[in-house]
4 protein chains.
Amino acid sequence: MHHGNRHGRSEEARQAVLEAADDLLVEKGFAGLTVEGIAQRAGVAKQTIYRWWPSKTEILLEAFIDDAAEYLTPADTGDLATDLRRHLGKLADFLTTTDAGAVFRALAGQAQHDPVLAERLRTEHLGRQRERDRQPLLRAITRGDLPVGTDVDFAVDQLVGPIYYRVLVTGEPVARKYTDRLVAQYLDRSPGRGDASG
Amino acid sequence: MHHGNRHGRSEEARQAVLEAADDLLVEKGFAGLTVEGIAQRAGVAKQTIYRWWPSKTEILLEAFIDDAAEYLTPADTGDLATDLRRHLGKLADFLTTTDAGAVFRALAGQAQHDPVLAERLRTEHLGRQRERDRQPLLRAITRGDLPVGTDVDFAVDQLVGPIYYRVLVTGEPVARKYTDRLVAQYLDRSPGRGDASG
Amino acid sequence: MHHGNRHGRSEEARQAVLEAADDLLVEKGFAGLTVEGIAQRAGVAKQTIYRWWPSKTEILLEAFIDDAAEYLTPADTGDLATDLRRHLGKLADFLTTTDAGAVFRALAGQAQHDPVLAERLRTEHLGRQRERDRQPLLRAITRGDLPVGTDVDFAVDQLVGPIYYRVLVTGEPVARKYTDRLVAQYLDRSPGRGDASG
Amino acid sequence: MHHGNRHGRSEEARQAVLEAADDLLVEKGFAGLTVEGIAQRAGVAKQTIYRWWPSKTEILLEAFIDDAAEYLTPADTGDLATDLRRHLGKLADFLTTTDAGAVFRALAGQAQHDPVLAERLRTEHLGRQRERDRQPLLRAITRGDLPVGTDVDFAVDQLVGPIYYRVLVTGEPVARKYTDRLVAQYLDRSPGRGDASG
DNA sequence: GGGTAAGCGAGACGGTACGTCAAGTCTTCTG
DNA sequence: CAGAAGACTTGACGTACCGTCTCGCTTACCC
């Protein structure tokens, strides 16, 4: 087994920590997630964790980012309505049903208490996520399916805002029907086309 | 000074605790908010806190609810667009600029880690808040300014969702211009719309 | 069981800590004596130890002092030679064979690294011990068995010095014969009497 | 700089370690003396230390032994009283004022907790030191200044015992006057005495 | 209007986790 | 192949709060 060498950190330990953190969050919730517990579960020394991560939230963040990118990259079907419906559906699923989604909710929750984490979360995840959210709309503009002057950011807010609101605030489920309806509403008033429906 | 009596709790102590909790949250953030600290600041014994509140979040919740109701009850101007613009503007201000808003963000954050608190928050605050959010629309339906079949709940989601999204997720500011635009968009596609504009 | 009250510390906890410290020192030696271990053995919280003792050596010191006073108070037989022989014999036994003696050796050892402990050890124990060591000689002076001008402190140094030297430095045993001989040598040259022998 | 070679250990590294250990002991005391600190100060890898010394006390021991032999070898003036006075004076100075003396006190202290070190200290230092202590007396016997049957070891105990007692136990200073007086007392009762006085 | 019981401030208690420090082991690369 | 570098596991450190407890004081009500 690897026990350290002069060429930097142990990838083995890194993976074990990330997985242990993920598992423990899902098992015991954020309150039950302790550095001590992660160390024990990962079979790693506490000091090794403190050497590489400044806090348990940074561990979660690192564990989370790759998962999100993989899961949430929107497909390109060539049709705006379809792209949006798929993307929002995936987003809602991700946030409500996956382990990574649970990690996100925990991070978003903790970010309310911790400005540093909030900033890190925005830099490391939300910026990229917003880029992914914008893609279907940008492609539609390129194709000419949406007018060039479309305010893409405002559109994204209106499309994903209600989803995050339900996930983080009301706790209501976000069914496919609901996300489809958001898409329909958006396309319905959008001047650039006419055949959309929800 | 009051040192207990045989019939019922000390209102003095209750107030001191609620204020200390509020103050400390704003001063030191949620992470720095401890029962020990509240007790000391309030000049109260820890036991007194544990006697009346099951957790520090319940203290915040109790401190929060009245403030919210007072601040967020929507006025009735007889005009839907005006009512909505005022209400959303107030909501955004409340969430982003007031002490009570900071308490709400902390509670919403903590609710991501604590299902019991989440439930309490929904029961004690969000249900009532949603009722307040619905009022302008319900009144418009009564007045005939909106069709009877309007899906009020879906409308509320679309109106307040993006605001909460910005407050809790992206951290972007929520200017009056932004909330006005949400209202405009909503009324623009709403069939029974009156004179609304953004 | 007792769990704290407003009238100060728990005597139960105090006793448990002192005994646990003594036991663990004898069992595992000074190096193996940890605050954590004492707490566990005593069934006491670590914080309780830190509340009342600044370091593990203070615990040992407190545990030690009473034992020493009890064991080492010299008897009064009315005869200087007998008194001295008994006292030095007891001292040698104490230092080499008793648990409290082991504690003393550990404290004396640690005092070589820790000036604060050294001072405490002198204030709390050695001053009193020296007083006890002087008593047989002082009584002899009072009785007229030793001249009034006798340098009692120098005499004590010569009588106990070799004992401590063997105990702390050479590690050689200190038999009754050896201490008797120290007494004999001392009395032999002491001008004030003539019948002593070793 | 030297970074290892294929033929035996680095004398450079050895010296650096010994000096660093000595320096750090005097600077920070025994408690502040760590293998990590020695390695850093000596510009040496920790592993190099562990390769050649089993513990930090062995480093001190090695650093100490030569110093002691050099400083404490008693001169031969041909006169017992003078030899003893000089030797005890030097011993007292060594123990109380020199850096090597500080190392000795630390080692003697640590030896109370560590039987292995105690044994090593006796084998490597105390045995030789006792031989040095005995020399003046042995020479006096050879010269006929002391009777052949003199118990040299008992004499050494009585001469150096009070000095170590003061150094290690009471912490009192050991002035030249004090050591001279020890010599005087010894010679005073010794049947073969010459011209000794205190 | 004196007794009495509940609420209170105080604070010690047994715990858990924190974040830090050093010990001693192991691995890799350089000279 | 010794040594520099440094990551690793281990375990204790001393601290901060947790939630529980006991105590004696201070009322307000009830006889």
Side-chain angles (χ1 to χ4, degrees), chain A residues 1-10 12-13 32-37 39 43-52 54-56, chain B residues 1-10 12-14 32-40 42-52 54-56, chain C residues 1-10 12-14 32-40 42-52 54-56, chain D residues 1-10 12-13 31-40 42-52 54-56:
Chain A
M1 194 196 308
H2 180 92
H3 286 284
N5 64 53
R6 83 176 293 186
H7 300 297
R9 66 196 289 188
S10 156
E12 209 172 336
L33 184 70
T34 67
V35 173
E36 216 130 44
V44 143
K46 235 186 348 169
Q47 184 58 48
T48 297
I49 296 183
Y50 282 110
R51 179 152 37 229
W52 301 111
S55 67
K56 67 183 182 183
Chain B
M1 193 198 309
H2 180 90
H3 283 282
N5 67 61
R6 116 175 252 192
H7 296 294
R9 71 193 287 189
S10 158
E12 209 173 336
R14 180 178 165 273
L33 184 70
T34 65
V35 172
E36 209 126 330
I38 295 170
Q40 191 157 11
V44 143
K46 247 191 330 175
Q47 185 57 43
T48 299
I49 295 181
Y50 283 109
R51 184 157 26 231
W52 301 111
S55 68
K56 68 183 182 183
Chain C
M1 196 197 308
H2 179 93
H3 286 283
N5 63 53
R6 83 175 296 185
H7 300 297
R9 68 196 289 188
S10 157
E12 210 172 335
R14 180 178 164 273
L33 184 69
T34 67
V35 173
E36 215 129 49
I38 296 171
Q40 191 156 11
V44 143
K46 237 186 344 170
Q47 185 57 49
T48 297
I49 295 182
Y50 284 110
R51 180 153 35 229
W52 301 111
S55 67
K56 68 182 181 182
Chain D
M1 194 196 312
H2 180 91
H3 282 281
N5 67 59
R6 68 185 301 184
H7 300 295
R9 74 190 284 190
S10 156
E12 208 173 337
L33 184 70
T34 66
V35 172
E36 213 127 31
I38 295 171
Q40 190 158 11
V44 142
K46 247 192 329 176
Q47 185 56 43
T48 300
I49 295 181
Y50 283 110
R51 181 150 32 227
W52 300 110
S55 68
K56 68 183 182 183

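Scope of the values below: all heavy atoms of this structure, side chains included, with no hydrogens, waters or symmetry mates. Proteins come first, then strands; the chains are lettered A, B, ... in the order of their sequence lines, and each starts at number 1.
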In chain order, what residues pass the side chain to side chain contact (heavy atoms under 4.5 Å, CB included) check against C/Q47, with sequence neighbours excluded?
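By the side chain to side chain contact (heavy atoms under 4.5 Å, CB included) rule, C/Q47 matches C/Y50, C/R51.
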Listed partners of C/S55 passing side-chain hydrogen bond (donor to acceptor under 3.5 Å, both in side chains), at least two apart
C/T57
C/E36: what forms a side-chain hydrogen bond (donor to acceptor under 3.5 Å, both in side chains) with it, not counting sequence neighbours?
C/K46
Grab the two heavy atoms, one from B/A39 and one from B/A45, that are nearest each other, plus how far apart they are.
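Shortest heavy-atom contact: CB-C, 4.3 Å.
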Can you see which heavy atom on B/I49 is nearest to which on B/V35, and at what distance?
CD1-O, 3.9 Å
Distance test, side-chain N/O of C/W52 to OP1/OP2 of E/dG11, below 4.0 Å:
no
Is there a side-chain polar atom (N or O) of D/R51 under 4.0 Å from OP1 or OP2 of F/dA2?
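Looking at the OP1 and OP2 atoms of F/dA2, neither is under 4.0 Å from any side-chain N or O of D/R51.
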So do the side chains of B/W52 and B/R14 get within less than 4.5 Å of each other, counting heavy atoms only?
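Side-chain contact under 4.5 Å: no.
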Over how many whole Å does the gap from [X] atom [atom1] to [N] atom [atom2] extend?
X     : N      : atom1 : atom2 : answer
C/I38 : E/dG14 : CD1   : C1'   : 17 Å
C/R9  : F/dT22 : CZ    : C1'   : 17 Å
D/I49 : E/dA22 : CD1   : C1'   : 13 Å
C/E12 : E/dG14 : CD    : C1'   : 12 Å

Indicate for each nucleotide in nucleotides 10-16 of chain F, in 5' to 3' sequence, whether protein heavy atoms under 4.0 Å reach the base (B), only the sugar-phosphate (S), or nothing (-).
B-BBBBB
